[in-house]
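Since the structure comes first, as structure tokens, the remarks are kept for the end.
Chain naming here is simple, since letters A, B, ... match the order of the sequence lines and numbering starts at 1 in each.
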There are 2 protein chains.
Amino acid sequence: MTIPVTRRRENTRARLLDAAAQVFAEVGLEGASVEAICERAGFTRGAFYSNFDSKDELFLQLAAAVAEQRITTVRARIDEFVKSGTLSADADPAELVQRVMDSGEDDRLSVLLMSEIRIHALRDATFAAAYLAQESALVSSIEGIIQGIVDSGLFALRVQVPAAAQILTVQWEGCMARGVIAGYDGEQLHRVGAEALARVVELILAPAVPPVGEKRPSA
Amino acid sequence: MTIPVTRRRENTRARLLDAAAQVFAEVGLEGASVEAICERAGFTRGAFYSNFDSKDELFLQLAAAVAEQRITTVRARIDEFVKSGTLSADADPAELVQRVMDSGEDDRLSVLLMSEIRIHALRDATFAAAYLAQESALVSSIEGIIQGIVDSGLFALRVQVPAAAQILTVQWEGCMARGVIAGYDGEQLHRVGAEALARVVELILAPAVPPVGEKRPSA
């Protein structure tokens, strides 16, 4: 009977993560107690600690889940565009980025979550190590997506793939955090995030066939 | 006797800002009480409140002072390079950025201060407004520096000046915050910050005279 137990365990985890997201939205990371999360999810502290070592671990997992969902959406959208021929070398990069990033969801919660996780990492060395490991995994996923686009031969880059992934990640995060500080709603936030990415995408894109005499990075 | 009074007042402000930086380094923004800052500076609370409305205002002023000092150093360094002919179109951008950003100071304190001020702005709407106003002033200063370089005719940009200023600011801040989380010392932090800027500078720079057929943004 391994499968039902695993499934129940997965269900418990998912409900705890969901409850944590709700409590976080209401009171922030500091204010979100394990008790409040358990109460919201309808579980005991025992159920909590059989799934997560600590509140810190829960929130890192939540941030990872949110980021992974976003990455999966972006990857699926790009695959779809490649198949349908939308992602062609003469397409407008800014418009493509808008469409790729348009998940239809409100990003405010995830931006606040990312920001609070980053704050916590700035203040706590143990948490910082876990945060950096998780961020590496995220940047690797983004590198994979970019490498896929380069491999399609439709676009070439003026920088190497890891640098492109890092610049895009930093730019997106920085602009989204600023948008939250400015009090933007979900739609405005989406717009500034996509605009920031589009500006950088235009800078890092090179024509697939470089003009004579133009140096091309060995990617 | 206006001048001596103003001078004494300036001196009091400077000593309070200096004490605030020291206390901040020891206990962070939350932990730095007005009392502790006054005690360190050797002033009464009366002296504090005749110079600053609140602890928030003091720390915004401190962040502004730190940023202004950095901007002044960068501007002076660039002027010097322009005069000495170091800033020529065939110079290596990465090396120039390294030399322009090398203030000889440890940036860790200012990065932590910037990060904590940003956190506070994410959490407090009133503070957010003051933070955004101050950030606009900072970005304007950076735009001024970039415009000066463009006006010198040595370099042209592939993006407009405000976009260049924003990308550079976000990249620097994002990479420095990551460096602090990674536990880098002052020297490592300087290196990652300068490398991040250099990568972006190389992307946004266009030759002053564009090759035939290359589109150039109407800056």
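Residues of residues 182-204 of chain A that come closer than 4.5 Å to chain B, counting heavy atoms only, are A:Ala182, A:Arg199, A:Val200, A:Glu202, A:Leu203, A:Ile204, ordered by residue number. Residues of residues 108-121 of chain A having a heavy atom under 4.5 Å from any heavy atom of chain B, listed by number: A:Leu112, A:Ser115, A:Glu116, A:Arg118, A:Ile119, A:Ala121.
Within the 3.5 Å criterion, the main-chain N or O of A:Val170 finds no donor-acceptor partner in the side chain of B:Gln171.
In this structure, B:Glu35 places its CD atom where more than 12 heavy-atom neighbours from other residues, nucleotides or ligands lie under 6.0 Å away.
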For a quick test of your reading: what N or O donor-acceptor pairs under 3.5 Å do the side chains of residues 125-137 of chain A make, sequence neighbours left out?
from, atom 1, to, atom 2, distance (Å)
A:Gln134, NE2, A:Leu60, O, 3.4
A:Glu135, OE1, B:Arg178, NE, 3.4
A:Glu135, OE2, B:Arg178, NE, 2.7
A:Glu135, OE2, B:Arg178, NH2, 2.7
A:Ser136, OG, A:Leu132, O, 3.1

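Between atom CD of residue B:Glu173 and atom CD of residue A:Glu173 there is a gap of 9.5 Å, rounded to the nearest 0.5 Å.
Qualifying side-chain hydrogen bond (donor to acceptor under 3.5 Å, both in side chains) partners for B:Glu26, counting only residues two or more places apart in sequence or in other chains: B:Arg40.
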